[in-house]
Engineer: 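Below are the structure tokens for one structure; questions will follow.
By convention in this document, chain letters (A, B, ...) are assigned in the order of the sequence lines, proteins followed by strands, and residues within each chain are numbered from 1. Note that these values count all heavy atoms, side chains included, but never hydrogens, waters or copies made by symmetry.
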Amino acid sequence: MKNKEVVELLREIAEYLTIKGESRFKISAYERAAHTIENLSEPIEEIDAAGKLTSLPGVGKSIAEKIHEYLTTGRITYLEELKREIPREVFELMEVPGIGPKLAMRLYTELGVRSIDELEEAARQGRIRKMKRMGVKAEQKILRGIEIYKMDAGRVPLFTIRPLVLEMVSYLKEKTGIEKISPAGSFRRWREDVGDVDILVATDTEGDRVIELFSTADWVHEVLWKGDTKCSIVTPSGVQVDLRVVKTESWGAALQYFTGSKAHNIRLREIAISKGLKLNEYGLFREDTGKKIAGEREEDIYEALGLQYVPPELREDMGEIDAALRWDLPDLITQQDIKGDIHMHTTYSDGAGSIRDMAMKAKGMGYEWIVITDHAIGLGVVGGIDLGEWRRQLEEAKRVEKEVGIRIFVGIEANIMSDGSVMISHPDMDFVVGSIHSGLDGSRQKIMERYRKAIFSGLIDSIGHPTGRLLGGVRPPMDMDMDELLSMAKEKDIFMEINSYPNRLDLNGPNVFKAKNMGIKLYIGTDSHAPMQMENMVYGVHTARRGWAEKGDILNTLSADEIEALVGELKRKRASVSVSY
DNA sequence: GCCGTTTTCGGCCCGACTGTTTTCAGTCG
């Protein structure tokens with residue numbers, strides 16, 4: 001499947017066209033086509049082979065030809081011409097905030113600047129102020145931009161910034177008494193990583209005070225700028241946080257606008273135009289009279305456009321607009337639907353809490369049941385349990401179950417070994433999660449062979465953290481074929497895990513979406529190694545929501561009795577597999 | 001470059017800010 005490669009090439013063309021100063025409509029045409037292909041579930045090769053490329057939204061004759069050329073020859077002549085025309089170094093200059101395609105190209109050609117370091121040197125030497133339509137202020141702005149660029153932490157995983165952002169919101173609410181304060185942007189959409197964070201405040205009179213409070217608090221490493229309605233700061237960890245103050249009459253429109261995504265918003269504004277309306281961050285207006293018809297509440301914006309309200313997690317222009325127009329959005333799973341947690345560790349392996357500690361925490365969270373899955377032997381460093389230890393754990397769990405008053409199922413997290421064998425599985429176990437913990441850098445073929453052997457052995461009930469990735473640049477996903485893995489899971493009727501350890505989120509939203517559409521059942525596992533970590537369920541729930549999951553798609557919503565019945569079935573299935581222990 | 005139950009040509013999402021300028025282009029979100 002070459003969809004990803006095609007998407008990247010189309011985006012690259014768009015970037016080059018931007019620098020060339022081509023019509024912005026031509027540029028967005030390439031971006032739109034890339035977006036369409038990015039969200040395609042079938043291989044682009046098949047669509048091309050069927051001669052159906054131009055039936056894709058945003059793909060016309062010209063782009064279809066370029067895609068076809070790439071798929072048949074491995075290159076796009078048009079892109080190669082662009083590369084010859086425009087030096088690659090210009091892209092680096094555009095990394096600096098305040099420098100766009102035009103200025104980057106001028107700096108390159110007029111001053112011969114080839115890197116950000118050379119740019120800084122040119123600015124310090126006062127060479128920039130001598131350019132046409134540039135001055136001392138513009139030069140200083142570039143130096144400031146370079147400073148911000150150097151401070152920028154880039155995109156960071158959501159979990160690294162979420163606690164601080166929640167603290168900011170509750171601090172401002174508490175100090176000002178203002179209710180309408182909310183994060184927006186990709187943070188509110190629960191993207192797994194965020195660039196900068198937007199916090200929105202609605203107040204008609206206290207804007208100055210809010211900005212003063214925000215810009216002088218402990219979380220400020222540096223104030224980037226401060227005005228009447230906007231303030232930007234950088235946290236000690238290098239994340240930029242923007243605070244925006246809006247009027248209460250525009251709260252809903254602003255929240256909608258700043259939550260994005262950009263593609264989602266563009267679609268909404270197109271719908272507005274088709275109805276003789278205009279949508280911006282202040283409200284929804286009639287084009288003819290300028291009369292405002294919505295703005296104070298976000299829900300009203302969608303309704304006035306004839307759309308069902310779209311939850312933030314779905315606003316990625318991945319089909320949610322069409323579904324909302326049909327009033328046919330999924331009834332997304334919520335935290336309140338969760339009745340239990342599958343996949344957690346105790347002191348029997350590498351967890352920090354006893355069975356009782358974990359049970360008490362689950363009880364406190366209002367759960368009916370938990371499934372404990374300690375590591376099995378075969379995982380060198382962690383010191384997993386063998387069958388004898390597992391039986392002792394089962395005995396203890398039965399005692400704790402009565403004492404705490406919550407159903408405790410005892411499964412195991414079995415290792416899928418380098419040869420694809422499963423270590424260990426037994427018909428008495430309530431649930432067997434199969435996970436790869438070693439050889440994650442193996443070839444795609446090798447990884448898929450391991451998965452295939454493990455799944456078709458009939459010894460495992462689910463796949464844990466399927467890609468093995470760790471967010472924040474710690475570990476990339478394994479080289480694997482997710483579509484093939486899901487097909488195998490479907491064929492053998494096993495479950496897929498949404499691991500909600502915050503640095504995993506594995507499966508992620510798009511893969512949850514795929515699995516759901518294939519009819520594969522999913523569960524959320526916190527993979528907790530301490531009682532507190534069970535609260536990470538919220539990350540799993542929102543990841544599931546980003547994958548359009550409903551209550552019926554997720555095992556955690558079953559009652560204790562329903563889980564017991566399911567576990568009984570799984571045990572019978574495993575017992576029918578002949579294997580020697 | 002794409003697209004069309006008003007269109008095969010003339011549109012295409014919206015607004016704020018900034019710096020260097022007398023009317024706007026470039027950049028950003």
Engineer: Please lay out, stage by stage, how A/Y70 and A/E5 fare under the test side chain to side chain donor-acceptor pair (under 3.5 Å).
Structural biologist: CA-CA 10 Å; A/Y70 176 69; A/E5 296 163 40; 2.5 Å; yes
Engineer: What is the separation between atom CD1 on A/I148 and atom P on B/dT18, rounded to the nearest whole Å?
Structural biologist: 13 Å
Engineer: Would you tabulate the nitrogen or oxygen pairs shorter than 3.5 Å linking the protein to nucleotides 3-5 of chain B?
Structural biologist:
{"unit_1": "B/dC3", "atom_1": "OP1", "unit_2": "A/G58", "atom_2": "N", "d": "2.8"}

Engineer: Could you measure between the two C1' atoms, the one in B/dC14 and the one in B/dC9, and give it in whole Å?
Structural biologist: 24 Å
Engineer: Round to a whole Å and report the spacing from CD of A/Q140 to P of B/dT18.
Structural biologist: 15 Å
Engineer: Using the C1' atom on both, measure B/dG4 against B/dT8 and round to a whole Å.
Structural biologist: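 Nearest-Å result for B/dG4 against B/dT8 at atom C1': 8 Å.
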Engineer: I need the CD1-P distance between A/I273 and B/dC12, as an integer number of Å.
Structural biologist: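 So the CD1-P distance, A/I273 to B/dC12, works out to 7 Å.
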Engineer: Take nucleotides 19-29 of chain B nucleotide by nucleotide from the 5' end and write B, S or -, depending on whether a protein heavy atom sits under 4.0 Å from the base, only from the sugar-phosphate, or from neither.
Structural biologist: BSS----SSSB
Engineer: Test salt bridge (charged side-chain N to carboxylate O under 4.0 Å, His left out) on A/K61 and A/E65; report intermediate values, then the result.
Structural biologist: CA-CA 6 Å; A/K61 188 164 166 281; A/E65 275 171 8; 3.7 Å; yes
Engineer: With side-chain hydrogen bond (donor to acceptor under 3.5 Å, both in side chains) as the rule and sequence neighbours excluded, what pairs involving residues 170-179 of chain A come up?
Structural biologist: none
Engineer: If you measure from the P atom in B/dC17 to the same atom in B/dG11, how many Å do you get, rounded?
Structural biologist: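 Those two atoms are separated by 29 Å.
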Engineer: Any non-hydrogen side-chain atom of A/V512 less than 4.5 Å from a side-chain atom of A/R546?
Structural biologist: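 No, their side chains stay 4.5 Å or more apart.
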Engineer: Can you run down the side-chain hydrogen bond (donor to acceptor under 3.5 Å, both in side chains) pairs that involve residues 284-301 of chain A, sequence neighbours left out, and say none if there aren't any?
Structural biologist: A/R188-A/E298, A/R297-A/D300, A/E298-A/Y309, A/E298-A/R315
Engineer: Check salt bridge (charged side-chain N to carboxylate O under 4.0 Å, His left out) between A/K514 and all other residues, then give those that pass, not counting sequence neighbours.
Structural biologist: A/D483
Engineer: For A/L79 and B/dG1, give me the distance from atom CG to atom P, rounded to whole Å.
Structural biologist: 14 Å
Engineer: Taking CD1 from A/I37 and C1' from B/dC2, how many angstroms apart are they, rounded to a whole number?
Structural biologist: 14 Å
Engineer: Where each residue is assigned the nucleotide of DNA chain B containing its nearest heavy atom, which of A/S62 and A/E287 is assigned the position nearer the 5′ end?
Structural biologist: A/S62
Engineer: Round to a whole Å and report the spacing from CD1 of A/I142 to C1' of B/dT18.
Structural biologist: 13 Å
Engineer: Does A/E31 come within less than 4.0 Å of A/K262, counting only side-chain N to carboxylate O?
Structural biologist: no
Engineer: Please measure how far the C1' atom in B/dT18 lies from the corresponding atom in B/dT23, and state the result in whole Å.
Structural biologist: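 B/dT18 and B/dT23 have their C1' atoms separated by 15 Å.
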Engineer: For B/dG26, which nucleotide in any strand shown is its Watson-Crick or wobble partner with both distances under 3.5 Å?
Structural biologist: B/dC17
Engineer: In this structure, how many angstroms lie between the C1' atom of B/dG1 and the NZ atom of A/K26, rounded?
Structural biologist: 7 Å
Engineer: Please determine, by modelled atom types, if A/E85 and A/Y16 share a side-chain donor-acceptor pair under 3.5 angstrom.
Structural biologist: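 Note: A/E85 and A/Y16 side chains miss the donor-acceptor criterion.
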Engineer: Under 4.0 Å, counting only non-hydrogen atoms across every strand here, what does A/L279 touch: a base, just sugar-phosphate, or nothing?
Structural biologist: sugar-phosphate
Engineer: Can you tell me the distance, in whole Å, between the NE2 atom of A/H35 and the C1' atom of B/dG1?
Structural biologist: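 Going from NE2 in A/H35 over to C1' in B/dG1 covers 17 Å.
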Engineer: Does the side chain of A/K278 get closer than 4.0 angstrom to OP1 or OP2 of B/dG15 through an N or O atom?
Structural biologist: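 True: A/K278 side-chain N/O within range (under 4.0 Å) of B/dG15 OP1/OP2.
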Engineer: Run A/M134 and A/I142 through side chain to side chain contact (heavy atoms under 4.5 Å, CB included) and show every step you take.
Structural biologist: CA-CA 11 Å; A/M134 297 292 279; A/I142 285 177; 4.1 Å; yes
Engineer: Given the C1' atoms of B/dT20 and B/dA25, what is the spacing between them in whole Å?
Structural biologist: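 Result for the C1' pair: 10 Å, nearest Å.
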Engineer: Can you tell me how far P in B/dA16 sits from the matching atom in B/dT22, rounded to whole Å?
Structural biologist: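 Their P atoms lie roughly 23 Å apart.
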Engineer: Can you list everything that forms a ring-ring contact (aromatic ring centres under 6.0 Å, His included) with A/F513? Sequence neighbours excluded, please.
Structural biologist: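 With neighbours one apart ignored, the set is A/W548.
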